[in-house]
Amino acid sequence: MRTIPEGVRSENMIPVVRARLAVSLKRQGLRVTQIAAALNTTPAAVVQYLKGKRGRLVARPAQVDRTIDALADKILQRVRSGVREGVRMPELMEAADQIIIASKGRRMLEETTEKKEKQVVEVLRQRLELELRASERCLESAVKFDDQYSKLLLRMIAADSMRHADVVSQILSWAELPREPTMNVPKKEFLDAILQIEDKAGEQSLRDAVEISHPVARLLLEWIDTDEKKHERVISKMVQLIQRSGL
């Protein structure tokens, strides 16, 4: 069983994700034809996945299984509800990203360097470990809940924690470089266009506009509203940074 090599791309991990999903869905009692439909692939490919002839590049089981089980649970709910749509490519990419980030984060925590004792590096390493642990716990718990809104909320927290881990691990690697990386930010015109989209999305609060009684569903809508405000604030600061820097 091999670990994920450094520098592997998310799209290269899609067969791995599909293979692990196939195994998980088979364990849940789905037939090969049902798994093929759910994964948007062929029965022959599913057989190859189940036999371990495709998608064999894997990381530590615990890192992979928590991510895969959460996505498999979502797919299984669709199948049992009669939804014919298979797994979406963004979902596969998200799972691949999470597996890569988890592997990268764990590898970084295990590395020892002379600069590790520096306070800023130590703070980053501690935060990276916490974010990875939070993501693992949330994914582990998500599959145990019957309430679909609670499952989704836990998966969203896990995804956010994994993104935080990605940011922290990247900054940690930069902190250990002999010099700061070159700043290369998006063009102001691009950021202005994104800002217009975010402004439009944030014009109306989903939590206020959508009538739904489930308290966790309302929390999820509030989460989206909060994210839109955060995106607008961060992009606006990036625009100001570009203007001050004359980039």
Side-chain angles (χ1 to χ4, degrees), residues 9-11 67 70-71 74 87-102 104-105 120 123-124 126-139 142 147-175 180-247:
R9 298 169 63 89
S10 300
E11 51 266 31
T67 299
L71 181 52
K74 187 193 298 187
V87 65
R88 305 178 186 96
M89 183 54 68
E91 292 173 324
L92 293 174
M93 292 292 287
E94 175 77 14
D97 284 341
Q98 290 192 15
I99 292 169
I100 292 171
I101 292 166
K104 174 185 174 184
V120 63
V123 168
L124 289 170
Q126 290 175 3
R127 183 55 178 267
L128 174 58
E129 187 171 6
L130 289 173
E131 295 291 356
L132 290 171
R133 193 187 309 163
S135 179
E136 289 173 359
R137 290 282 180 87
C138 287
L139 287 174
D147 181 76
Q148 295 304 307
Y149 289 120
S150 295
K151 283 178 181 285
L152 178 57
L153 181 63
L154 287 169
R155 285 198 296 261
M156 288 175 66
I157 294 172
D160 265 12
S161 294
M162 196 57 70
R163 292 187 186 96
H164 298 165
D166 193 21
V167 171
V168 173
S169 63
Q170 187 61 66
I171 293 176
L172 180 56
S173 67
W174 289 336
E180 285 287 330
T182 304
M183 186 168 71
N184 185 16
V185 296
K187 298 290 185 182
K188 181 178 178 300
E189 294 77 12
F190 170 78
L191 293 176
D192 285 339
I194 297 298
L195 192 56
Q196 288 180 10
I197 296 172
E198 294 294 341
D199 284 342
K200 189 170 183 179
E203 284 177 357
Q204 187 177 42
S205 166
L206 283 177
R207 190 176 187 278
D208 295 336
V210 178
E211 291 292 335
I212 191 164
S213 59
H214 197 294
V216 181
R218 292 183 63 77
L219 278 176
L220 290 167
L221 293 176
E222 184 176 339
W223 186 321
I224 295 174
D225 289 339
T226 303
D227 270 1
E228 294 299 346
K229 293 176 182 176
K230 177 183 68 179
H231 296 164
E232 182 180 350
R233 184 173 67 253
V234 170
I235 295 172
S236 294
K237 288 187 176 181
M238 282 195 70
V239 172
Q240 293 172 12
L241 174 65
I242 291 172
Q243 290 173 333
R244 287 199 301 269
S245 304
L247 297 175

Validation row: Glu131, Val167 side chains within 4.5 angstrom (heavy atoms):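 They are not in side-chain contact.
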
Is the shortest side-chain heavy-atom distance between Met89 and Leu92 below 4.5 Å?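 Met89 reaches Leu92 side chain to side chain.
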
Any idea which heavy atoms bring [X] and [Y] closest together, and the distance?
X      : Y      : result
Ile242 : Pro186 : CD1-O, 3.1 Å
Ala70  : Leu139 : CB-CD2, 3.6 Å
Leu128 : Ala165 : CD1-O, 3.5 Å
Ala102 : Leu132 : CA-CD2, 3.8 Å

By the definition side chain to side chain contact (heavy atoms under 4.5 Å, CB included), identify the one residue from Ile197, Asp192, Leu195 that meets it with Ile235.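 Only match with Ile235 under side chain to side chain contact (heavy atoms under 4.5 Å, CB included): Leu195.
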
The single option from Leu220, Ile224, Ile212 passing side chain to side chain contact (heavy atoms under 4.5 Å, CB included) against Leu206: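 Testing each of Leu220, Ile224, Ile212 against Leu206, the sole residue satisfying side chain to side chain contact (heavy atoms under 4.5 Å, CB included) is Ile224.
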
Just to verify, what does Glu232 make a salt bridge (Lys or Arg N to Asp or Glu O under 4.0 Å) with, not counting sequence neighbours?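 Salt bridge (Lys or Arg N to Asp or Glu O under 4.0 Å) check on Glu232 returns nothing, list empty.
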
Not counting sequence neighbours, list each pair that qualifies as a salt bridge (Lys or Arg N to Asp or Glu O under 4.0 Å) and has a residue in residues 193-210.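 Residue pairs passing salt bridge (Lys or Arg N to Asp or Glu O under 4.0 Å), neighbours aside: Arg207-Glu222.
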
Please round to the nearest 0.5 Å and tell me the distance separating atom [atom1] of [X] and atom [atom2] of [Y].
X      : Y      : atom1 : atom2 : value
His164 : Leu130 : NE2   : CG    : 12.5 Å
Gln240 : Lys188 : CD    : NZ    : 11.0 Å
Lys230 : Trp223 : NZ    : CH2   : 8.5 Å
Leu219 : Leu152 : CG    : CG    : 11.5 Å
Thr67  : Ile100 : OG1   : CD1   : 11.0 Å

Is a side-chain donor or acceptor of Lys151 paired with a backbone partner of Ala142 at a separation under 3.5 angstrom?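 Yes, Lys151 side chain to Ala142 backbone: donor-acceptor pair under 3.5 Å.
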
Ignoring hydrogens and geometry, is there a side-chain-to-backbone donor-acceptor pair from Ser173 to Gln170 under 3.5 Å?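 Indeed, once roles are kept as given, a pair shorter than 3.5 Å links the two residues.
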
Side chain to side chain donor-acceptor pair (under 3.5 Å) with [X]: which residues, sequence neighbours excluded?
X      : value
Gln204 : none
Arg88  : Glu85, Glu91
Lys229 : none

Side chains of residues 153-161: which donor-acceptor pairs under 3.5 Å do they make with residues two or more places apart or in other chains?
| unit_1 | atom_1 | unit_2 | atom_2 | d |
| --- | --- | --- | --- | --- |
| Asp160 | OD1 | Arg163 | NH1 | 3.2 |
| Ser161 | OG | Ile157 | O | 3.1 |

